Amino acid sequence: MTAPWEEWDHILKVDPDKDLYGDETFADVCATGTDAIEIGGTLDITTEKMQRVIDACREHDVPLYQEPSNPAVVVDDDALDGYLIPTVFNAGDQFWITGAHKEWVRIADGLDWERTHPEAYIVLNPDASAAELTDADCDLTPADVAAYARVAEKMFGQDIVYVEYSGTFGDTETVGAAHDALDDATLFYGGGIHDYDSAREMGAHADAVVVGDLLHDEGCAAVRETVEGVEDAHADLADA
Ligand SMILES: CC(C)=CCC/C(C)=C/CC/C(C)=C/CC/C(C)=C/COP(=O)(O)OP(=O)(O)O
Ligand SMILES: O=P(O)(O)OC[C@@H](O)CO
Ligand SMILES: [Mg+2]
């Protein structure tokens with residue numbers, strides 16, 4: 001069976017702690033042409049803020065996923081297509097590799113495993129909140145990142161590997177090395193995608209490109225350009 005993310009080119013990450021741009025609404029957000037919405041951020045997330053975004057998106061037909069940054073912010077809601085649960089492969093603090101997950105499973109009143117999917121993060125921007133929080137080792141060569149990606153797929157059975165440069169545009173050689181290291185797993189790339197050209201450039205190295213801050217800082221028209229950029233990159237690869 002094909003997993004939904006295998007069909008995605010573009011993912012929009014909505015930070016529940018941030019406002020939308022100008023007077024834009026979630027109807028506008030859901031009409032950007034993105035393939036899926038991921039709701040998540042590292043700092044100042046609460047279940048109330050999560051729920052507000054879920055409620056605003058529930059009537060629209062874009063696939064909706066929660067990406068919780070800790071067990072306390074998980075929301076049980078049928079409007080969600082699923083839960084994408086990070087595990088940070090290069091974390092310095094073990095809590096973010098399996099510790100949080102153990103606590104979640106211990107305290108949860110039963111989990112819906114059918115809708116629960118892990119993401120193998122490799123966090124590479126040392127200035128991002130996610131890197132600081134997890135004490136990630138970001139001093140990695142393309143070969144190191146490729147090896148983490150391969151370990152994630154081959155030894156830990158991960159279907160999604162996520163190269164995360166949150167807040168800054170990443171190194172295409174590093175992202176390409178991670179992509180080349182994978183056989184079947186899907187490579188997500190996120191960080192600093194801000195226009196058509198940056199989406200097209202990184203789209204050539206990743207299966208799906210994640211756009212975050214741009215939605216809140218520049219709005220839906222700018223996001224729509226990034227959808228076109230990554231779709232054009234993938235059309236070029238299909239023609240090659
Ligand atoms: C077991 C459960 C339910 C959760 C654990 C989840 C883990 C391991 C999280 C660690 C990494 C993390 C914080 C992921 C959240 C997704 C993410 C990277 C969001 C983007 O973060 P930033 O852009 O750095 O944050 P801000 O925009 O809030 O500054
Ligand atoms: O906010 P940006 O830099 O677009 O990053 C997207 C996403 O990878 C963050 O988790
Ligand atoms: Mg962010």
Side-chain angles (χ1 to χ4, degrees), residues 10-19 21 32 34 36-47 49-50 65-76 80 82-108 111-113 115-136 138 152 158 160-170 175 187-195 198-199 202-203 206 208-219 222-223 225-227 229-230:
H10 187 282
I11 301 159
L12 192 53
K13 191 175 287 191
V14 176
D15 187 333
D17 186 46
K18 292 180 183 158
D19 292 329
Y21 178 74
T32 51
T34 192
I37 291 177
E38 217 179 0
I39 312 169
T42 303
L43 302 176
D44 301 318
I45 307 297
T46 62
T47 48
K49 292 177 191 173
M50 282 281 187
Y65 287 77
Q66 193 188 0
E67 189 189 53
S69 48
N70 70 70
V73 302
V74 179
V75 173
D76 181 7
L80 292 168
Y83 300 88
L84 295 168
I85 309 295
T87 189
V88 180
F89 270 61
N90 60 328
D93 180 347
Q94 183 271 340
F95 184 76
W96 304 106
I97 306 173
T98 54
H101 313 72
K102 182 270 289 175
E103 276 307 293
W104 187 39
V105 171
R106 192 174 67 83
I107 62 180
L111 287 180
D112 181 356
W113 291 110
R115 287 194 299 153
T116 301
H117 312 286
E119 294 172 311
Y121 264 77
I122 307 164
V123 171
L124 292 174
N125 174 10
D127 298 326
S129 337
E132 289 180 14
L133 178 73
T134 63
D135 192 22
C138 302
Q158 300 287 295
I160 300 169
V161 174
Y162 191 139
V163 175
E164 170 68 296
Y165 278 93
S166 181
T168 191
F169 190 71
V175 180
L187 185 74
F188 288 4
Y189 167 81
I193 301 290
H194 58 278
D195 59 6
S198 54
M202 211 45 103
V209 160
V210 184
V211 171
D213 289 348
L214 187 70
L215 173 71
H216 304 282
D217 295 345
E218 294 186 33
V223 169
E225 281 188 33
T226 65
V227 174
V230 64

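Both ligands and their constituent atoms are indexed starting at 1 by order of listing. Just so we're clear, the structure is a prediction, and the values are computed from it rather than from any experiment.
- Across the listed options Ala131, Gly191, Ser129, Ala72, Ser129 owns the non-hydrogen atom lying nearest to atom 29 (O) of ligand 1.
- Ligand 1 has Tyr121 within reach: a non-hydrogen atom of the residue lies less than 4.0 Å from it.
- The proximity of Glu67 to ligand 1, defined as any non-hydrogen pair under 4.0 Å, is limited to the side chain.
- At under 3.5 Å, a nitrogen or oxygen of Glu164, whether backbone or side chain, sits near a nitrogen or oxygen of ligand 2.
- Within the listing of ligand 2, atoms 8 (O) sit less than 4.0 angstrom from a heavy atom of Gly190.
- Between atom 8 (O) of ligand 2 and the options Tyr162, Tyr189, Phe169, the minimum heavy-atom separation is to Tyr162.
- No heavy atom of Gly167 sits closer than 4.0 Å to any atom of ligand 1.
- Listed by number with element, the atoms of ligand 1 under 4.0 Å from a non-hydrogen atom of Lys18 are 27 (O).
- Taking every non-hydrogen atom of Gly167 and a distance limit under 4.0 Å, the qualifying atoms of ligand 2 come out as 2 (P), 3 (O).
- Residue contacts with ligand 1, taken as heavy atom pairs separated by less than 4.0 Å, involve Asp15 solely via side-chain atoms from C-beta onward.
- Ligand 1 has Pro86 within reach: a non-hydrogen atom of the residue lies less than 4.0 Å from it.
- Per-residue contacts place Gly192 under 4.0 angstrom from the following atoms of ligand 2 (heavy atoms of the residue considered): 2 (P), 3 (O), 4 (O).
- When non-hydrogen atoms are compared, ligand 1 lies under 4.0 Å from the side chain of Val88 (C-beta onward) but not from its backbone.
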